[in-house]
Amino acid sequence: MQVLKFGGSSVGTEQSIGNVVSIVTASVKKQTSIVVVSAMRGVTDQLLMLAQTAAQGNEAYKTIIENIEQKHLDIVRVLLPIQQQSATLSMVKQVINELEANCEGLFMLKELTPRMKDKIVCYGEILSSKIIAATFESKGIKQQWVDARELIKTDSNFLNASVEKERTYTNIKNYFTTSAHSFDLYVIPGFISSDKEGNTTTLGRGGSDYTAALFAAALDAAQLEIWTDVSGMMTADPRIVQNAKEIPQISYQEAMELSHFGAKVIYPPTIQPVMQKNIPVLIKNTFEPEHPGTIIQNESPKDDNFIRGISSIQDICLLSLEGSGMIGIPGFSKRLFEALAKKQINIILITQSSSEHSICVGVNMQDAHQAKIAVDAEFEKEINTQKVEPLIVEKEVSILALVGEQMKSHPGVSGKMFGVLGRNGINVRAIAQGSSEKNITAVIATQDVRKAINVLHEAFFETSYKQVNLYIAGVGNVGGKLLEQIKKQASYIQETLRLQINIVGIANSKRQIINQEGINLTNWREQLSEAPLGDINTYVTTIINNNLRNSVFVDVTAHEQVANAYAQLLGKAVSVVACNKIACSSPYENYLKLKSLAREYNASFLFETNVGASLPIIGTLNNLILSGDSINKIQAVLSGTLNFVFNIYDGTVSFAKVVRQAQAEGYTEPDPRMDLGGTDVMRKIMILAREAGNQIEMTDIENEGFLPESCFKGSVEDFYVEMEKQEPHFKKIYEAAASKNCKLKFVANFQHDANGKGIAKVGLQHIEPNSDFYHLYGKDNLVLFYSNRYPELPLVVKGAGAGADVTASGVFADIIRAARV
Ligand code: ADP
Ligand code: ASP
Ligand code: MG
């Protein structure tokens, strides 16, 4: 004898019922089979909605009945040959008539009791099981339909009745040992049962699994098969974790824990009856019957997986009873639990602090209100005398559970779990670990659940790769190149670094594409041109609401509003990678705040490209400081633009034309005056000085600029016109240097004065042939670090310091650094 249960999705369509027929046909050939079926997908919800609508006096209930009727009539017409349809069609019509009669009563009375709900909701399983039974008959498979209500006996706790096991087992055994019942196949509606008085009861949502387990246990079946829409129990809910994997083998205990903590694939009470009889349970996929699925049995496989799966229960609330009057006095927890039990409130999790100052329990959200009333009433006297506080109810929290029998022999699992959550900015509200060490549970904000499960799954199951989710702001020269580089390099990075780069957001100043599954980079420009409008605020709100793990915000703009968003992002544990220099050159206090937010929320704040594009300047400086060195002096040529301009300019072509060339080749800021006026270099030397540990502001930096005042007026185009007018001025500067056989370089300098105060200065200098700076060509940058370890001969970093390609590659390197933390 074997028992097969088919869930709602398996009996939802002609195709799925076709699969059911062939699975059952094969089973019947081997042995007597009992088939338990759920209501067609969605019907149970529809029936509950129907009852509620009718009881509200809302005529819309009639449309709901019509929909239910239509759904069942339609399926009968496609499943059965025309000449065999009439009996089943009239069965459906008769059930619908009964439903109608019940609903009319509800509509008049406007009162919906749990008992009435059960009376209505049971029709889902009755209809589906009778339709399936008729389908078998039509295929020539003889079967017997059995009304589960006559065999499964329960108390009268409608909607979630408790089974009287002994009586039920006896009923089932008696039924099947009667010689009158010697069919090869029995079809049974799941979920439904009855109480002593014969009222219909139900076994709780998802209860058809339990019905099947009761039959399997009563009859000592060889096996219980649960046929559903996934290929087994998985390491996490596949709707939450894309990379969830099937678990080939799992113990009863582990399966019970996983389902208790929310793995919906099996209804929690199902395991216990089959475990008692040591009957193996197979979870199989109706849509992929060849897949081996999951076998649930006594032993957990002895493999390297200390964690078997992760699950979660959303919509929980946390109840905390606190007060100094509880310390050392027995009986408080008993009274708390009794008060909840009296109201039939199920406790999902319990924690008590060792100070005994508080007890905390997790219950279903819908029980919150009743729990508060019940507990406050129980402790009224203590509340009045201020021995305990009124019950604290925290809503919108969820339970997260890590399950695995072998974790008890492996220290460090909880350390890893909480480390991972902490690094991702997920706050843990309460923790519980069963003393059997089969699970560790944590209570977190519901909005963090998806992220938490994904990061934990990644940490415990995906040794293959880690996903990093990027939000790009800015798609100009650098942004465009960056996307090109990522597209080209993504698979190499996935292979070598086991990092999967997922671009989830691309935004310019007007529009933004968001796609959590990853944006296709082949035509991102077209997608962006048609994407919804949005500004930086909407972008940041989306990023925060998406709450994706390993999120990195990449600022490749030069906008202040974008830089102003970093604090909000870092505060939500979103890393920031910026080539935009505005944040790091903003007031020192703000720079410091961003750094400390990054530390506090375990996010990265990286801006290597703020100085010298992708040259390892800030990284080198950080490494010196971290290893205990101290910077005494920095000398640098930090403007690729100015270098380019002064390397080319010799008076034969106008200075304005040379600047225009630099802009055309992408070496300047959008407004070239930022470069030529020295502001850009001031920002860079200030950032280096700050990274070397100095408190310094822009106003502390001396700028010996060379642009005439008149150049700073008007637009960028006005600037070019003015430069042409000022050509004699530029020529004079050039000739003054050339006459001494010197080159012109815009040099930045930082050092400490006699009092240890940091002094920074930028300006155009005549560079003699014996200087380090003399042989600096094109758009190259050069930085000399003089430190305690490099007192006379400086540490030198030299190379291309501007250009979209190198800047993009520097940003890319920072992204990888942020992702690998
Ligand atoms: P049925 O209608 O067959 O009873 P359910 O919807 O009750 O099916 O349960 C199957 C669903 O459970 C899957 O589609 C999946 O989305 C969900 N699920 C949640 N957690 C898990 C898990 N750990 N493994 C497999 N499925 C899970
Ligand atoms: N039809 C019921 C429900 O949706 C029982 C089940 O599907 O197992 O909850
Ligand atoms: Mg189910």
Side-chain angles (χ1 to χ4, degrees), residues 4-13 16 19-20 23 36-49 68 117-118 120-129 148 152 159-161 188-193 200-214 225-248 250 254-270 281-288 291 293-294 296 307-314 400-404 449-450 453 456-457 461:
L4 300 88
K5 177 258 169 176
F6 292 89
S9 59
S10 306
V11 292
T13 62
S16 64
N19 291 359
V20 172
I23 293 162
V36 174
V37 296
S38 292
M40 284 169 67
R41 168 146 294 180
V43 170
T44 304
D45 289 334
Q46 266 179 314
L47 287 165
L48 288 170
M49 174 65 78
I68 296 173
K117 275 192 189 172
D118 270 351
I120 288 185
V121 83
C122 77
Y123 287 118
E125 266 68 10
I126 301 220
L127 283 168
S128 66
S129 60
I152 301 180
L159 299 173
N160 199 0
I188 300 175
F191 183 51
I192 62 176
S193 43
T200 296
T201 53
T202 57
L203 303 175
R205 293 304 306 269
S208 299
D209 298 337
Y210 188 32
T211 304
L214 292 168
E225 294 183 2
I226 305 278
W227 290 83
T228 181
D229 59 354
V230 281
S231 295
M233 206 155 196
M234 304 179 87
T235 48
D237 186 340
R239 287 166 302 186
I240 298 182
V241 177
Q242 240 177 8
N243 298 329
K245 301 181 180 71
E246 289 91 13
I247 305 170
I250 186 170
E254 288 171 328
M256 207 144 51
E257 299 274 336
L258 272 177
S259 69
H260 173 75
F261 287 110
K264 189 187 170 222
V265 63
I266 192 155
Y267 181 51
T270 310
V281 182
L282 250 183
I283 315 261
K284 297 272 290 175
N285 189 345
T286 306
F287 303 89
E288 207 186 335
H291 194 289
T294 299
I296 308 175
I307 301 301
R308 195 67 59 206
I310 305 169
S311 53
S312 68
I313 316 179
Q314 307 205 9
L400 195 65
L402 225 57
V403 171
V449 169
R450 183 168 279 269
I453 297 188
L456 289 174
H457 196 269
F461 294 107

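All heavy atoms count here, side chains included; hydrogens, waters and symmetry mates do not. Indexing begins at 1, ligand by ligand and atom by atom, following the structure's order.
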Quick one: does Ser38 get an N or O within less than 3.5 Å of an N or O on ligand 1? no
Ligand 1 to Ser10 polar contact by distance, N or O atoms, under 3.5 Å: no
To which protein heavy atom is [atom] closest, and what is the distance rounded to 0.1 Å?
atom	result
atom 6 (C) of ligand 2	Ser208 OG, 3.4 Å
atom 18 (N) of ligand 1	Asp237 OD1, 3.7 Å
atom 5 (P) of ligand 1	Lys264 NZ, 3.7 Å
atom 16 (O) of ligand 1	Arg239 NE, 2.9 Å
atom 24 (N) of ligand 1	Met234 N, 2.8 Å

Is the contact between [X] and ligand 1 made by the side chain, the backbone, both, or neither, using heavy atoms and a 4.0 Å cut-off?
X	result
Lys5	side chain
Thr228	both
Pro238	side chain

List ligand 1 atoms under 4.0 Å from Arg41, heavy atoms only on the residue side. 2 (O), 6 (O)
Looking at Met233, which atoms of ligand 1 are within less than 4.0 Å of one of its heavy atoms? 24 (N)
Nitrogen or oxygen of Ser38 less than 3.5 angstrom from that of ligand 2: yes
Gly206 N/O under 3.5 Å from ligand 2 N/O: yes
Does Asp229 have a heavy atom less than 4.0 Å from any atom of ligand 1? yes
I'd like to know whether ligand 1 has Ser311 as a neighbour, heavy-atom separation below 4.0 Å. no
Relative to the heavy atoms of Thr44, which atoms of ligand 2 are at a distance of less than 4.0 Å? 1 (N), 2 (C), 3 (C), 4 (O)
With heavy-atom distances below 4.0 Å as the criterion, list the atoms of ligand 2 near Arg205. 3 (C), 4 (O), 9 (O)
